[in-house]
**Q** 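Input: one structure, supplied below.
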There are 2 protein chains.
Amino acid sequence: MNPEFHTYKNPSLAVDLVVFGYHRQSLSVLLLNRKDAPFKDGWTLPGGFLQMEETLQQVCNRIMRTKIGIENLYLEQLYSFDAPQRDPRGRVISIAHYTLINPERFEIIAGKMANDVQWFPVNQIPELGFDHTEIFRQASQRLKSKILYHPVGFELLDETFTMTELQALYECILDISIDRRNFRRKILDAGFILLTGSKREGLKNRHPDLYKFNKDLKQNSFQLNISSPQ
Amino acid sequence: MNPEFHTYKNPSLAVDLVVFGYHRQSLSVLLLNRKDAPFKDGWTLPGGFLQMEETLQQVCNRIMRTKIGIENLYLEQLYSFDAPQRDPRGRVISIAHYTLINPERFEIIAGKMANDVQWFPVNQIPELGFDHTEIFRQASQRLKSKILYHPVGFELLDETFTMTELQALYECILDISIDRRNFRRKILDAGFILLTGSKREGLKNRHPDLYKFNKDLKQNSFQLNISSPQ
DNA sequence: GCAAAAGTGTTGGCCGTACACCCATGA
DNA sequence: TCATGGGTGTACGGCCAACACTTTTGC
């Protein structure tokens, strides 16, 4: 082994997670209430330190498993945050990621952690510890641009969904309103959803078509050109 | 300090740099010929380990200063590479960055390093050590998308430049050909370059206008919609 | 005057926005 | 049959790709 190797101390390596959940037409983020200093009793993003043999993906899954009880998520690396004073305990570099989950598919652990973990709507995020407010801000921005060229809804919606439900997701993430008829055309042109043939029953009005994501899609990228009316 | 803190060994943290240079209408990348194992006598991206008190930007500047003799660059964080076996010497996580320089503004160090550092045109990159081929590939991709919404040319061209020179840069980075007249209109509409009033002299044909980048630009983002003819 | 490159203008087609109309359902 | 939301179609306008013409320079 190279003699230069591992002879000086390294900064610690951590991962912080922005966990987006979509539920009842509202986009939320999972926050952790800290029981220890620093930022005791304050809210932060869930996170953890990287062990020697772990990959980044494995750390993310471990954090989700132990703190929230789920794993195997859609995961995207966001950015590395390296300000020397970002953690008052010492030098920690954090490689932030974000994930998308459908809260209805999982029960957020109801045990000892129940009071420590909470969903916050993205427009009601409290002041966060460390530099996590900035991390959250960047994750929101990334998600907004990602949804325009990648079928993000896969992870956030149920197996089947109506066009209106899909539109509500886009309006929520992009924080704009979209013309119903133009949205339909653009999404269908993009080609990543398919008609299932069945319809959603039990509504007051006309039963809308149910769609599903096209999992066999070759080209997983497109260019949506979505804009607000007026 | 938290007792949990720093009690386990951390992976090493490194930075690898994709240094893009534009010279004589050709886009190149700076590669390093390794004198030591692993990959002795092979080509790799310049890189280095993060010291305890350094920021990522400082590491990048240190690498550039010691290996190439310049610093204070346009710098953008690319991605973190974490495959456990990516470095045969041990566990190293690399936070890759890319930079843009105008080779004419600097003299690449001519001293002891002269034989170790070399420009390679982007379409003639040899097999690289570690996972650097993948890092290079991602950097190229990022640059291609970045140039469509950010005035990248700042760093790669001279203080003043002609419209044709700017177009050649775009054609080179995007690897397409662009209609001369449509390119002019789009770039001018984007609003990030200004007429200097002077013209480039000494050419065989009509002397073209010289432009400069608008450094006082408030809105530093736009949306270029550049496409190949036919 | 000629060749070559640079500056300026024009047009036709396509796409995206805006908007209208009918359909299905529950009460 | 009425209210409400869902499915489908259309037309106008703006923008962009394609292309033509003039201007300037060296020889």
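In what follows, every heavy atom counts, from backbone to side chain, and hydrogens, waters and symmetry copies are set aside. Sequence lines set the chain letters: A, B, ... in the order given, protein chains first and strands last, and positions in each chain run from 1.
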**Q** Can you find an N or O donor on one side and an acceptor on the other, under 3.5 Å apart, linking the side chain of Arg180(B) with the base of dA18(D)?
**A** no
**Q** Does dG7(C) have its OP1 or OP2 closer than 4.0 Å to a side-chain nitrogen or oxygen of Arg184(B)?
**A** yes
**Q** Between the side-chain atoms of Asn182(B) and the base atoms of dA18(D), is any donor-acceptor pair under 3.5 Å?
**A** yes
**Q** Closer to the 5' end of DNA chain C via nearest nucleotide, is it Thr162(B) or Lys186(A)?
**A** Thr162(B)
**Q** At under 4.0 Å, does any side-chain N or O of Lys199(A) touch on OP1 or OP2 of dG6(D)?
**A** no
**Q** Identify which nucleotide among dA6(C), dG26(D), dG7(D) has an atom closest to any side-chain atom of Lys204(B), counting heavy atoms from C-beta outward.
**A** dG26(D)
**Q** Under the 3.5 Å rule, do the base of dG7(C) and the side chain of Arg185(B) count as making a donor-acceptor pair?
**A** no
**Q** Counting heavy atoms not belonging to Glu171(A), are there more than 12 under 6.0 Å from its CD?
**A** yes
**Q** Count the heavy atoms belonging to other residues, nucleotides or ligands that lie under 6.0 Å from CD of Glu134(B), then report whether that count exceeds 12.
**A** yes
**Q** Atom CG of Leu210(B) to atom P of dA6(C): distance rounded to whole Å?
**A** 12 Å
**Q** Please report the distance, rounded to the nearest Å, between CD1 in Ile193(A) and C1' in dG7(D).
**A** 14 Å
**Q** Does the side chain of Arg200(A) reach to within under 4.5 Å of the side chain of His207(A), using non-hydrogen atoms?
**A** no
**Q** I need the CZ-C1' distance between Phe183(B) and dA18(D), as an integer number of Å.
**A** 17 Å
**Q** Roughly, in whole Å, what's the span from CG in Asp179(B) to P in dT8(C)?
**A** 15 Å
**Q** Atom CD of Gln167(A) and atom P of dG5(D): how far apart are they, to the nearest Å?
**A** 13 Å
**Q** Quick one: do Glu159(A) and Lys215(A) make a salt bridge, cutoff under 4.0 Å?
**A** yes
**Q** Heavy atoms only, 4.0 Å cut-off, all strands: where does Thr164(A) land among base, sugar-phosphate and nothing?
**A** sugar-phosphate
**Q** From C-beta outward on Arg181(B), which listed nucleotide comes closest to its side chain: dG7(C), dT25(D), dT8(C)?
**A** dT8(C)
**Q** Counting only distance, no hydrogens or angles, is the base of dA6(C) paired donor-acceptor with the side chain of Arg200(B) under 3.5 Å?
**A** no
**Q** Check the distance between dG6(D)'s P and Phe161(A)'s CZ and give it to me in whole angstrom.
**A** 15 Å
**Q** Does the separation of the ring centres of Phe154(B) and Phe213(B) fall below 6.0 angstrom?
**A** yes
**Q** Between Asn225(B) and Leu203(B), which has a closest nucleotide on DNA chain D that is more 5'?
**A** Asn225(B)
**Q** May I ask you to verify if any side-chain N or O of His207(B) is less than 4.0 angstrom from the OP1 or OP2 atom of dA5(C)?
**A** no
**Q** What about Arg206(A): does its side chain form a donor-acceptor pair under 3.5 Å with the base of dG26(C)?
**A** no
**Q** Starting from P on dC23(C), measure out to CG on Asp209(A) and report it in whole angstrom.
**A** 16 Å
**Q** Which nucleotide in the list dG5(D), dG26(D), dG26(C) gets nearest to the side chain of Asn205(A)?
**A** dG5(D)
